[in-house]
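Read the structure below first, then the notes.
Predicted model only: the values in this text are computed from it and were never measured.
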Amino acid sequence: MNITIFIIEAIALTVVFTAIILIPLTKNPVYWIHDFPEDIQEEYFKTHDLIPIAFFSTTVLIKKSLGMLIALGLLIWMIWLVEAKSFTQAFFASYGLWTIINWYDCFILDWVFFANVKSVRLPGTEHMDKEYHQKTYHFIRSLWGMLVGFIPCIFCSVLFTLLFL
């Protein structure tokens, strides 16, 4: 497995992930409302119309499913680029990239960026500094993301093995 390509992929993936998150967020912060802590959502809905935000709502499922399909295709391509030679290498490459993005999302975007940049906060919640600094909330969601990541990474590794090995 080519570690140099893996590192380049990880850097490129963080840049693309940041764009995927920030472009819709700067145009319409409500687009990612289902990812905000519940107390921030409640404050927002005091002055705005209620929209579906439950994890199993149609809107959230469509966004997450589309993202998952794109991620699967991208991960299979990236596994191929790092020249994985086995199912195990394919899994560690895909889950490694998944984990890097997961931790980047938690520790950089959630803990640093979103907690401190008021221009990306939901309208009417700009004053909620304490609520935007909920590190435990984002860390627990990150742990769930790592657990959930096993399934698509195993699936990617199986597909990669069947297609390329």
Side-chain angles (χ1 to χ4, degrees), residues 1-38 40-41 51-115 117 120 122 134-165:
M1 191 166 83
N2 190 324
I3 298 301
T4 304
I5 292 176
F6 178 84
I7 293 168
I8 292 167
E9 287 177 348
I11 293 167
L13 206 50
T14 57
V15 170
V16 170
F17 182 79
T18 303
I20 289 170
I21 299 299
L22 291 185
I23 291 170
L25 187 69
T26 55
K27 293 182 181 214
N28 181 13
V30 180
Y31 187 81
W32 296 111
I33 193 166
H34 56 278
D35 287 326
F36 287 89
E38 289 78 19
I40 294 172
Q41 294 177 22
I51 57 173
I53 55 168
F55 184 76
F56 291 107
S57 70
T58 304
T59 305
V60 173
L61 285 176
I62 290 171
K63 286 180 189 176
K64 299 280 184 181
S65 297
L66 182 60
M68 187 67 73
L69 286 174
I70 292 168
L72 289 174
L74 188 60
L75 281 174
I76 290 170
W77 178 65
M78 294 175 106
I79 293 168
W80 179 77
L81 285 177
V82 298
E83 302 168 355
K85 304 286 188 226
S86 66
F87 171 85
T88 304
Q89 285 185 1
F91 176 76
F92 281 117
S94 63
Y95 193 69
L97 291 168
W98 184 283
T99 301
I100 288 168
I101 293 304
N102 190 39
W103 287 350
Y104 170 77
D105 182 38
C106 178
F107 302 128
I108 304 299
L109 292 180
D110 292 336
W111 284 16
V112 177
F113 186 77
F114 297 127
V117 178
V120 295
L122 291 171
Q134 295 183 48
K135 288 183 168 61
T136 304
Y137 170 83
H138 295 292
F139 184 72
I140 290 170
R141 288 182 61 118
S142 177
L143 292 176
W144 277 109
M146 290 176 68
L147 182 63
V148 168
F150 268 40
I151 297 165
C153 290
I154 287 173
F155 185 69
C156 282
S157 302
V158 168
L159 280 176
F160 175 80
T161 303
L162 292 172
L163 293 171
F164 300 107
L165 296 181

Hey, what do you get for CD1 (Ile101) to SG (Cys106), rounding to the nearest 0.5 Å?
-> 13.0 Å
Atom CZ of Phe6: over 12 foreign heavy atoms under 6.0 Å | yes
Would you call the rings of Tyr104 and Phe17 parallel, tilted or perpendicular if under 30° counts as parallel and over 60° as perpendicular?
-> perpendicular
If you take all heavy atoms of Asn102 and Gly145, which pair is closest and at what distance?
-> ND2-C, 3.9 Å
Side chain to side chain, Leu74 and Leu13, heavy atoms closer than 4.5 Å = yes
4.5 Å side-chain heavy-atom contact, Ile3 and Met1 | yes
Is a salt bridge present between Asp105 and Arg141, judged by a nitrogen-to-oxygen distance below 4.0 Å?
-> no
For Phe139 and Leu143, run side chain to side chain contact (heavy atoms under 4.5 Å, CB included): C-alpha distance rounded to whole Å, both residues' side-chain angles, the deciding distance at 0.1 Å, then the answer.
-> CA-CA 6 Å; Phe139 184 72; Leu143 292 176; 3.6 Å; yes
Side chain to side chain contact (heavy atoms under 4.5 Å, CB included) between Ile100 and Thr14, worked out | CA-CA 8 Å; Ile100 288 168; Thr14 57; 4.3 Å; yes
Is Ser86 close to Gln89 at the side-chain level, that is, under 4.5 Å between some pair of heavy atoms?
-> yes
Please state whether the rings of Tyr95 and Phe91 are parallel, tilted or perpendicular, taking 30° and 60° as the class boundaries.
-> parallel
Decide yes or no for Pro37 and His138: does some side-chain heavy atom of the first lie under 4.5 Å from some side-chain heavy atom of the second?
-> yes
Check Ile21, Val120, Ile108 against Phe113 for a side-chain contact (heavy atoms from CB on, under 4.5 Å) and give me the one that passes.
-> Val120
If only atom types and distance count, is the side chain of Ser65 paired as donor or acceptor with the main-chain N or O of Ile62 below 3.5 Å?
-> no
How far apart are the closest heavy atoms of Ile33 and Gln41, and which atoms are they?
-> O-NE2, 3.0 Å
Using a 4.5 Å cut-off on heavy atoms from C-beta on, say whether the side chain of Trp103 contacts that of Met146.
-> yes
Roughly how far, to the nearest 0.5 Å, is the CG atom of Leu81 from the CG atom of Asn2?
-> 9.5 Å
